[in-house]
Amino acid sequence: MCAAGEAWLITRSFEAMIGFAGAACLALSALLLALDKYHFQSKRASYAVSGSYYLAHGLIVASALSSSTQMI
């Protein structure tokens, strides 16, 4: 996540911001998973974990695709 934040601070591009948001969302997903497994035990927590996981990967892929189309 630190590298994505550094890239966003240096380039100030929309693609880097999306990549940083994806990395932050992935960290949130890991935090939610840990809280669900070790502290809270909720049946609905799996929806939040899965949703944030898929959102994070979608943002990271969107960042990679949008930055690769600008290179062409």
Side-chain angles (χ1 to χ4, degrees):
M1 186 163 100
C2 292
E6 289 286 330
W8 179 38
L9 287 175
I10 291 172
T11 63
R12 297 282 184 191
S13 67
F14 182 69
E15 294 82 17
M17 183 191 68
I18 292 175
F20 176 69
C25 195
L26 194 62
L28 174 69
S29 176
L31 177 69
L32 289 173
L33 180 65
L35 286 175
D36 179 46
K37 293 295 178 189
Y38 299 111
H39 190 46
F40 303 112
Q41 299 263 323
S42 174
K43 292 181 181 180
R44 287 185 273 167
S46 64
Y47 295 118
V49 171
S50 296
S52 60
Y53 182 80
Y54 288 126
L55 176 65
H57 280 83
L59 289 171
I60 292 169
V61 168
S63 172
L65 290 178
S66 65
S67 66
S68 68
T69 57
Q70 289 181 353
M71 290 183 193
I72 296 176

Of all the heavy-atom pairs spanning L26 and A56, show the shortest one and how long it is.
N-CB, 3.4 Å
Spell out, as yes or no, whether a donor-acceptor pair under 3.5 Å connects the side chain of S52 to the backbone of C25.
no
Enter the distance from S63:OG to F20:CZ here, rounded to the nearest 0.5 Å.
12.0 Å
On a heavy-atom basis, which atom in S66 and which in E15 lie closest, and how many Å separate them?
OG-CG, 2.8 Å
Between L59 and I18, the two heavy atoms sitting closest are O-CG2, 3.1 Å
Is there a continuous path of hydrophobic side-chain contacts, each under 4.5 Å between heavy atoms, that joins L33 to L28?
yes
Does S50 reach the main-chain N or O of S46 with its side chain, forming a donor-acceptor pair under 3.5 Å?
yes
Where do A45 and D36 come nearest, in terms of heavy atoms and distance?
CB-OD1, 3.4 Å
How many angstroms lie between atom CG of L65 and atom CD1 of I60, to the nearest 0.5 angstrom?
12.0 Å
